[in-house]
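Input: a single structure, listed below in structure tokens.
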Amino acid sequence: MPPAAEPPVAKDVDWSDFRDHLATADKEGHRKWIYPKKVAGRFFKARTILSWALLAVMFGGPFVRIGGNPLLLLNIVERRFVILGHIFWPQDMIIFAIALLIFITGIIVFTAAFGRLWCGWVCPQTVLMEMVFRKIEYAIEGDAHEQRALAAAPWTGGKIARKAFKQAVFLGLSFVIGNTLLSYIIGPEQLFKIVTDNPVNHLQGLTFMLLFTLIFYGIFARFREQACTFICPYGRFQSTLLDENTIVVAYDHKRGEKRGTLRRKDSAEQRAAAGFGDCIDCVQCVSVCPTGIDIRNGTQMECVHCTACIDACDAVMAKINRPRGLIRYASLDGIERGERLRLTPRLAGYAFLLVVLISVFLFMVITRADVEANLLRAPGALFQQMPDGRYSNLYTVKVVNKTSREMPVQFRLENASGSLQVMGDDVVVPPQKLSETSVLIELDPSSLLPGVTPVTVGVYCGGKRIQTLHTSFIGPRLAASASPKL
Ligand code: SF4
Ligand code: SF4
């Protein structure tokens, strides 16, 4: 008989192995606060310029109007959505679903090709954290070593004042960000009303205002990089999307290893002869990393591709007269075999899917009707015979106006001999609103089929048919042989 298998034994954490522990937790599992050093360099400059543009769009977006409509409005509560000035209703959910698919496919294609480029350059979390909150922190508390010293210092009046001032600024900024998000949901006009009106009338709005403020304050003042490493699903599934051709922020281990400190007396040739690479183990790349990782360990889930380590290492290379790019944007194959980015079948498949989805999306947006109506028989109403011998059915018609102008709408009976009468005033649908009215359809007995008669109603606006509605008309059961064809 084979010997019984040993019960599995939990292995001790190997603290020398980066895979065995988080960079942001100590041996007791407590949070290790990250103090990334200030960074400067060409990537940081480019990201700063881009972040200005993104912040302008982010904070200015709610006030931008296209054709009288907001640039972006995602009113989930009232199920009203405006994207790039186009109003979308719940009836347009299919367009939304395709837009969402495009977004997801776009991210997949992008990630497969360029890793987490999104995270490092345009993700609002990174932009706000690194380009706004981090810079404020540097301005108030100084660079990383000063922040560390301040954290370790006793609680004096000066320290309390600086810390309190920083938190107050963070809270104020979180309030602005929270309100910006709220104005993307309810619109700036509604937000203004909440702020200026009697608070008792807007308890729900004020609650959300407070909630958003506290959430953003919590994220940017305390939670920080953990939002990317613990919460963000994108960071979690990126490892399934990357392959050896993906461009990532990578350490060129072939060029850098064996790493070793630089001794002044050693020339580059002597270092090379001793088997050393270009990495002088100065850990500048680690000290600027906002997620606290060492990129020399290879691609890691925590890396948000912020490029800080590239800039830091380039500065070191410049100082020691070595070419920059020891850490750079490169693929694994690029580093191992000197290959350039190539179109793999997987990438081509994703890209094709993306093109198809974008085409379908554009087609649906372009052919989307400005007005959408639906016609239903009034519940519980049966047919009636009129004094002139015709039969009538009562219907309810709902018309959604997706434009920002009034739409006068008429209805015409298209396929049967009879009449259609709108009950009440003419239908004029206000902009971005839904109107509901009743219509009475009367058919000649000669038009009726046995049981149910299909009826077609044209919806007209400005003399042009904009939609054709189909419904059924209930009449008396006539003998099949006696019923004429429509
Ligand atoms: S900054 Fe460059 S040289 Fe310094 S440790 Fe990092 S990779 Fe090595
Ligand atoms: S490893 Fe480099 S690119 Fe990745 S998060 Fe750290 S500093 Fe940014």
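If you're wondering where the values come from, they're calculated on a predicted model, not measured in any experiment.
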**OP:** Would you indicate whether the side-chain heavy atoms of Leu72 and Val82 approach each other to under 4.5 Å?
**Re:** no
Subject >> Min side-chain heavy-atom separation Ile293-Cys303 under 4.5 Å >> reply: yes
Subject >> Evaluation steps, side chain to side chain contact (heavy atoms under 4.5 Å, CB included), between Phe411 and Val422 >> reply: CA-CA 8 Å; Phe411 304 94; Val422 174; 3.9 Å; yes
Subject >> Straight-line distance of Thr111 OG1 to Leu117 CG, nearest 0.5 Å >> reply: 9.0 Å
Original post:
Quick check, are the ring centers of Phe170 and Phe133 under 6.0 angstrom apart?
Top reply: yes
**OP:** Please examine the side chains of Gln410 and Pro408, heavy atoms only from C-beta on, and report whether any two atoms are closer than 4.5 Å.
**Re:** yes
**OP:** Using modelled atom types only, decide if a donor and an acceptor are shared between the side chain of Arg271 and the backbone of Gly277 within a distance under 3.5 Å.
**Re:** yes
Original post:
What do you reckon, is NZ of Lys45 surrounded by more than 12 foreign heavy atoms closer than 6.0 Å?
Top reply: no
**OP:** Show your reasoning for whether side chain to side chain contact (heavy atoms under 4.5 Å, CB included) applies to Ile185 and Phe212.
**Re:** CA-CA 12 Å; Ile185 297 172; Phe212 286 170; 3.9 Å; yes
Original post:
Under a 4.5 Å cut-off applied to non-hydrogen side-chain atoms, are Trp121 and Thr307 in contact?
Top reply: yes
**OP:** Measure across Cys232 and Cys228 and return the closest heavy-atom pair with its distance rounded to 0.1 Å.
**Re:** CB-O, 3.8 Å
Subject >> Exceeds 12 heavy-atom contacts within 6.0 angstrom, atom NZ of Lys433 >> reply: no
**OP:** Measure from the side-chain N and O atoms of Asp294 to the backbone N and O of Val286, and report whether any donor-acceptor pair falls under 3.5 Å.
**Re:** no
Original post:
Given Phe43 and Tyr329, is the ring pair (Phe, Tyr, Trp, His ring centres under 6.0 Å) satisfied, shown in steps?
Top reply: CA-CA 11 Å; Phe43 284 106; Tyr329 276 119; 5.7 Å; yes
Original post:
Is Phe352 atom CZ crowded by more than 12 heavy atoms from other residues, nucleotides or ligands, each under 6.0 Å away?
Top reply: no
**OP:** Examine distances only and state if a side-chain atom of Ser174 and a backbone atom of Tyr217 form a donor-acceptor pair shorter than 3.5 Å.
**Re:** yes
Subject >> CG on Asp333 to CG on Asn245, rounded to 0.5 Å >> reply: 5.0 Å
Subject >> Residue pair Leu71 / Ile66: nearest heavy atoms and the distance that separates them >> reply: CD1-CD1, 3.6 Å
Original post:
Can Asp311 and Val288 be said to form a side chain to side chain contact (heavy atoms under 4.5 Å, CB included), step by step?
Top reply: CA-CA 9 Å; Asp311 281 332; Val288 294; over 6 Å; no
Original post:
Thr48 and Lys135: side chain to side chain contact (heavy atoms under 4.5 Å, CB included), yes or no, with the steps?
Top reply: CA-CA 11 Å; Thr48 302; Lys135 286 182 175 176; 3.4 Å; yes
Subject >> Over 12 foreign heavy atoms within 6.0 Å of OH, Tyr460 >> reply: yes
Original post:
Is it true that a side-chain atom of Ser472 and a backbone atom of Val452 form a donor plus acceptor pair closer than 3.5 Å?
Top reply: no
**OP:** Go through the side-chain N and O atoms of His253 and Glu336 and say whether any donor and acceptor fall under 3.5 Å apart.
**Re:** yes
Subject >> Verdict with supporting geometry, Arg224 and Glu130, salt bridge (charged side-chain N to carboxylate O under 4.0 Å, His left out) >> reply: CA-CA 10 Å; Arg224 300 195 158 189; Glu130 301 307 322; over 6 Å; no
**OP:** Give a yes or no on whether the backbone of Gly325 and the side-chain of Asp314 come within a donor-acceptor separation of less than 3.5 Å.
**Re:** yes
Original post:
Taking atom CZ of Phe223 and atom CD of Gln125, what is their separation to the nearest 0.5 Å?
Top reply: 9.5 Å
**OP:** Starting at CG of Leu326, measure out to CZ of Arg324 and round the result to the nearest 0.5 Å.
**Re:** 13.5 Å
Original post:
So do the side chains of Thr468 and Val459 get within less than 4.5 Å of each other, counting heavy atoms only?
Top reply: no
**OP:** State whether Asp252 and Arg328 are salt-bridged, where the test is any N-O pair (Lys NZ or Arg NE/NH1/NH2 against Asp/Glu carboxylate O) under 4.0 Å.
**Re:** yes
**OP:** Using the test side chain to side chain donor-acceptor pair (under 3.5 Å), find all partners of Arg236 that sit at least two apart in sequence or belong to another chain.
**Re:** none
Subject >> Over all atoms of both residues, closest heavy-atom pair of Ile441 and Phe473 >> reply: O-CE1, 3.2 Å
Subject >> Derivation of the salt bridge (charged side-chain N to carboxylate O under 4.0 Å, His left out) call for Arg65 and Glu189 >> reply: CA-CA 12 Å; Arg65 291 280 177 276; Glu189 299 81 9; 2.4 Å; yes
Subject >> Evaluation steps, salt bridge (charged side-chain N to carboxylate O under 4.0 Å, His left out), between Arg296 and Asp281 >> reply: CA-CA 10 Å; Arg296 295 174 299 168; Asp281 211 10; 2.7 Å; yes
**OP:** Report the distance from atom CE of Met58 to atom CD1 of Ile177, rounding to the nearest 0.5 Å.
**Re:** 8.0 Å
Original post:
Distance-only, no hydrogens or angles: does the His470 side chain make a donor-acceptor pair with backbone N or O of Thr456 under 3.5 Å?
Top reply: no
Original post:
Shortest non-hydrogen contact from Tyr138 to Gln147?
Top reply: CD2-NE2, 3.4 Å
Original post:
To the nearest 0.5 Å, what is the distance between CE (Met131) and CD1 (Ile136)?
Top reply: 13.0 Å
**OP:** Take Glu137 and Tyr35 through the side-chain hydrogen bond (donor to acceptor under 3.5 Å, both in side chains) test and state the conclusion after the steps.
**Re:** CA-CA 10 Å; Glu137 195 159 64; Tyr35 296 97; over 6 Å; no
Original post:
Side chain of Arg47, backbone of Gly120: donor and acceptor closer than 3.5 Å?
Top reply: yes
Subject >> Backbone N/O of Thr396 and side chain of Glu436: donor-acceptor pair under 3.5 Å >> reply: no
Original post:
Any sub-3.5 Å donor-acceptor pair from Asp26's side-chain atoms to His30's backbone N or O?
Top reply: yes
Subject >> More than 12 heavy atoms of other groups within 6.0 Å of Phe230 CZ >> reply: yes
Subject >> Validation row: Cys309, Val249 side chains within 4.5 angstrom (heavy atoms) >> reply: yes
**OP:** Kindly say whether Ala112 contributes a backbone atom to a donor-acceptor pair with the side chain of Thr246 at under 3.5 angstrom?
**Re:** yes
Subject >> More than 12 heavy atoms from other groups under 6.0 Å of CZ on Arg255 >> reply: yes
Original post:
Between Ala23 and Thr291, which heavy-atom pair has the shortest distance, and what is it?
Top reply: CB-O, 4.0 Å
Original post:
Closest heavy-atom contact between Cys306 and Pro290?
Top reply: SG-CD, 3.6 Å
Subject >> Qualifying residue for side chain to side chain contact (heavy atoms under 4.5 Å, CB included) with Met209, from Leu181, Leu191, Leu214 >> reply: Leu191
Original post:
With a 4.5 Å limit on heavy-atom distance, are the side chains of Val122 and Leu50 in contact?
Top reply: yes
**OP:** In sequence, state the C-alpha distance, the side-chain angles, and the governing distance for Glu225 and Arg134, and then conclude on salt bridge (charged side-chain N to carboxylate O under 4.0 Å, His left out).
**Re:** CA-CA 11 Å; Glu225 74 286 344; Arg134 189 85 69 196; 5.3 Å; no
**OP:** Please examine the side chains of Ser331 and Glu244, heavy atoms only from C-beta on, and report whether any two atoms are closer than 4.5 Å.
**Re:** no
